[in-house]
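Okay, structure first, notes after.
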Protein chains: 2
Amino acid sequence: MNIGDAAKAAGLPVKTVRYYADIGLVRAPDRSPAGYRRYDEAAIRKLAFVRRARDFGFSIEECRELLSLYEDRSRSSADVRAIAATHLAEIEDKQRQLAALHDELAHLVEACRGDDRPDCPILDRLG
Amino acid sequence: MNIGDAAKAAGLPVKTVRYYADIGLVRAPDRSPAGYRRYDEAAIRKLAFVRRARDFGFSIEECRELLSLYEDRSRSSADVRAIAATHLAEIEDKQRQLAALHDELAHLVEACRGDDRPDCPILDRLG
DNA sequence: CTTGACCTTCCAGTAACTGGAAACACTAGC
DNA sequence: GCTAGTGTTTCCAGTTACTGGAAGGTCAAG
């Protein structure tokens, strides 16, 4: 499979697949005589794996770790769980920050009349 | 005031203040004979304004808009409100995405025994 | 007069791509 | 066999909002 079909199969843009190859995350296992990257089933599965992990918000480096655990048949589930749990804690942290932000900003927007006059509690608060 | 004191007063790293000057967000109103940036009260107020707006998650470009509204004595509060409301909607959107992510991932972490065995629902789900 | 803190500019790197240019490869139709 | 169109290659640059570091100039204190 050429890169275009592989990308389609994995649900990724071609550019991204090439990028993943460049950074050594998922390399094409082979090249055609003309130099075209050729992807097999296993490589496409890895690409799809990375796409899903990225959808879950895992960073590229986390994906690299997960991928090596994924490929290592003797890995323990504890390792994977640790990565996921850390990531989950980060998400919860971000959620808290976002909630605080939201409440403050919502207050300001509510307090702002939003008319033609220059009185604006939002600017007052910022300035 | 030199850049160090201005940065301290505004609660920003020196590098960031210099960066804001470079991109024309908040320029130093003057330079010393030796070429040192000199900040006055007004400039420091603008720097602090930007810091707070950034804390609220406004992008640099949004800060630029807010700043020009902030400086424009004839501006209407509606303009400011519109920017803030748009930003609020983005925050809410991100909150929803994060919540969905959180629930899915929390499920997986919960389902994973996290022991020495290779059975791992997290990897199963990703792979 | 020297030391140390502060300032300057410029260059490079971060995360994770994305866009574009120039050139080569492949396929279909005529 | 030729041509058009699409797919592929590499490389370079840009994105966001800084951050780190190097090389060198400035200033105040002792």
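Naming: A, B, ... by sequence-line order, numbering from 1 per chain.
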**CG on B:Asp103 to CG on A:Leu88, rounded to 0.5 Å** = 9.5 Å
**Message:** Which is more 5' along DNA chain D, the nucleotide nearest B:Ser59 or the one nearest A:Asn2? Just name the residue.
**Reply:** A:Asn2
**Asked** Which part of the nucleic acid, if any, lies within contact of A:Ile23, taking any heavy atom under 4.0 Å across all strands shown: a base, the sugar-phosphate backbone alone, or nothing?
**Response** nothing
**Prompt:** How would you list, by chain and number, every residue that makes a salt bridge (Lys or Arg N to Asp or Glu O under 4.0 Å) with B:Arg64, sequence neighbours excluded?
**Reply:** B:Glu61
Pairs under 3.5 angstrom only: tabulate donor-acceptor contacts from the side chains of residues 34-42 of chain B to other protein residues two or more places apart or in another chain.
unit_1: B:Arg38; atom_1: NH2; unit_2: B:Asp30; atom_2: OD2; d: 3.1
unit_1: B:Arg38; atom_1: NH2; unit_2: B:Arg31; atom_2: O; d: 3.3
unit_1: B:Asp40; atom_1: OD1; unit_2: B:Ala42; atom_2: N; d: 3.4
unit_1: B:Asp40; atom_1: OD1; unit_2: B:Ala43; atom_2: N; d: 2.9

**Request:** Compare all side-chain heavy atoms of B:Ile91 with those of B:His87 and state whether any distance is below 4.5 angstrom.
**Result:** yes
**A:Ile60 CD1 to C:dG13 C1', straight-line distance once rounded to whole Å** = 17 Å
**Side-chain touch B:Ile83/B:Leu69, heavy atoms, less than 4.5 angstrom** = yes
**Asked** What distance do A:Leu25 atom CG and A:Ile60 atom CD1 have between them, rounded to the nearest 0.5 Å?
**Response** 5.5 Å
**Asked** Does the side chain of B:Phe58 come within less than 4.5 Å of A:Leu105's, by heavy atoms?
**Response** yes
Which pairs, protein N/O on one side and nucleotides 22-26 of chain C N/O on the other, fall under 3.5 Å?
unit_1: C:dA25; atom_1: O4'; unit_2: A:Tyr36; atom_2: OH; d: 3.0

**Prompt:** Could you give the start and end, 5' to 3', of the contact zone on DNA chain D for chain B, using atoms under 4.0 Å from its heavy atoms?
**Reply:** D:dA17 to D:dC27
**Request:** Report yes if some heavy atom in the side chain of A:Val26 is under 4.5 Å from a heavy atom in the side chain of A:Leu67; otherwise report no.
**Result:** yes
**Message:** Measuring only between side-chain heavy atoms, which start at C-beta, is A:Glu90 closer than 4.5 Å to A:Thr86?
**Reply:** yes
**Fill in**
Residue set satisfying side-chain hydrogen bond (donor to acceptor under 3.5 Å, both in side chains) with B:Arg51, at least two apart, ordered chain then number -> B:Asp55
**Prompt:** Looking at B:Arg37, does any N or O in its side chain come under 4.0 Å of the phosphate oxygens OP1/OP2 on C:dT8?
**Reply:** yes
**Fill in**
Note: contacts of residues 12-19 of chain A with DNA chain C (heavy atom, under 4.0 Å) are A:Pro13, A:Lys15, A:Thr16, A:Tyr19
**Side-chain heavy-atom pair B:Phe56, B:Glu62 within 4.5 angstrom cut-off** = no
**Request:** Check every strand shown and say whether B:Arg31 touches a base, only sugar-phosphate, or nothing at a heavy-atom separation below 4.0 Å.
**Result:** sugar-phosphate
**Prompt:** Within the pair A:Tyr20 and C:dC17, is there a side-chain N or O less than 4.0 Å away from OP1 or OP2?
**Reply:** yes
